[in-house]
There are 2 protein chains.
Amino acid sequence: MSITNVVRRKRVARENYHHGDLEAALIDAAVDLVRQTGPDHLSLRAVAEQVGVSPSAVYHYFPDKDSLISGVGDKLFIDLAHMQREALAQIPGVSARAAKLRYRELGRTYFRWANKEPNLFRLMFGGFCKIEKQGDHQGNDAFLMLTQCLDDLLNTGVISKAMRKYGELLSWTAVQGASTLIVEGHLPEEVFEDLLDGLELAMRAGSK
Amino acid sequence: MSITNVVRRKRVARENYHHGDLEAALIDAAVDLVRQTGPDHLSLRAVAEQVGVSPSAVYHYFPDKDSLISGVGDKLFIDLAHMQREALAQIPGVSARAAKLRYRELGRTYFRWANKEPNLFRLMFGGFCKIEKQGDHQGNDAFLMLTQCLDDLLNTGVISKAMRKYGELLSWTAVQGASTLIVEGHLPEEVFEDLLDGLELAMRAGSK
DNA sequence: TCGGTATCTGAATAGTGTTCAGATTATGGG
DNA sequence: CCCATAATCTGAACACTATTCAGATACCGA
């Protein structure tokens, strides 16, 4: 369906007929509106209007409004992973110092994403998007990056062998929780750096 | 008009009249409906109908639907703190063992609450309720309980002085994040006990 | 008992998600 | 090249929603 759309894209759009890929245009518009209004308060009709299409046209690409929102979530997870990958790429090196910086920057990128766009963060983790594979944290791009960072920390002697086992779990949950609690106003923004300090210290616990 | 007519009207009206506890009745009904439908998909009219009152009656107690939802959130936070207090009360004693059990049970209660009622958890931390005092984690009931637990752990030598400083921050964020990630299907339910193990080990890091 | 006030109703308005018959456009087969 | 067919989108309709407001009702104090 979307493949034929891409192929057809070389033919230029007619006035009333929508060029190539309406599905992506709808998601982009939805991202824009969710950022302003929040995942609740999103209007399917407003999305259609922003793209310049009738409300019923949406139903050729998404069975209902919730599926459209879920599609937005899929895109956002990809965007976040992409942003994290770029952040890591800017800190090369195999030293302990570089490994530490990468680890912290991975968490910061996650948090900055949440803090800059609270409504998009709420869409991702507020039960709006259906996760297909339950508990598929392995194979996840962001999870693999975290694993790599933790391995580097272990190999450079920054963290203990005993804590390495809990590395992904503790880091991911703490950063996720801090993002939520700060975004929702339960904790002040400044504590995030403290949390990174605490995590780094915590990961040295136990026998080497 | 006849006497019987007047009497009947009075009787019917009295049954429909709520006498000031309508506010609480509305919130209770809203809790019930949110549990089933989620914080989005809540219908103000359905809440009113469940209580047996007209939709416009709601507006005498809440300026709009969002405020009603926010009121639900306030109640849920109180309920959660109450549940945690009860959980702690069932584990008395000043030993290291008791302190550990209390610490873990505090986290478990938080997680069980989230896992048993995902939609209520989403309402609490999904941007649906307006937090009045930004970053007012001190003075919070649940926070005080956590502080007490951590002090007990320190005094019984279970955790290090160096990590005590990060105790509330690391514990709260990790448990919060784990609850979210498990509820939303990014992590399997079983890892929560692993997280408690990891937290307990982590809190021993650094100098005593 | 009366008057005022808090409480609730009924109707109306504007906006929502969703469905569906049909109009429009592009594509593939002859 | 043309035409049938499929894909794409529109317009109108339906049931439902939040919200407002004038007015009816029940309660309470004097």
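Quick note on labels: first sequence line is chain A, next is B, and so on, each numbered from 1. All of these numbers come straight from a predicted model, not from anything done at the bench.
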For the side chain of S54(A), starting at C-beta, report the closest nucleotide among dT9(C), dT18(C), dG11(D).
dG11(D)
If you only use heavy atoms from C-beta on, which nucleotide in dT19(D), dG10(C), dT10(D) is closest to the side chain of Y59(B)?
dT19(D)
Could you point out which residue of Y166(A), Y110(A), Y103(A) forms a side-chain hydrogen bond (donor to acceptor under 3.5 Å, both in side chains) with S171(A)?
Y103(A)
Atom-pair distance ([atom1] on [X]; [atom2] on [N]), nearest Å:
X	N	atom1	atom2	answer
Y61(B)	dA6(C)	OH	C1'	8 Å
L42(B)	dG17(C)	CG	C1'	16 Å
L44(B)	dT16(C)	CG	C1'	15 Å
L26(B)	dC8(C)	CG	C1'	12 Å
F62(B)	dT7(C)	CZ	P	13 Å
R45(A)	dG15(C)	CZ	P	10 Å
L22(A)	dT25(C)	CG	P	16 Å
K65(B)	dA14(C)	NZ	P	20 Å

Return whichever of A57(A) or D66(B) has its heavy-atom-nearest nucleotide of DNA chain D closer to the 5' end.
A57(A)
Do NZ/NE/NH1/NH2 and the carboxylate oxygens of E105(A) and R102(A) come within less than 4.0 Å?
no
Under a 4.0 Å N-O cut-off, is there an ion pair linking D152(A) with K100(A)?
no
Determine the contact category for S43(B): base if any of its heavy atoms lies under 4.0 Å from a base atom, sugar-phosphate if only primed atoms, P, OP1 or OP2 are that close, otherwise nothing.
sugar-phosphate
Could you walk me through whether R122(B) and N119(B) pass side-chain hydrogen bond (donor to acceptor under 3.5 Å, both in side chains), step by step?
CA-CA 5 Å; R122(B) 286 169 185 139; N119(B) 283 329; 2.9 Å; yes
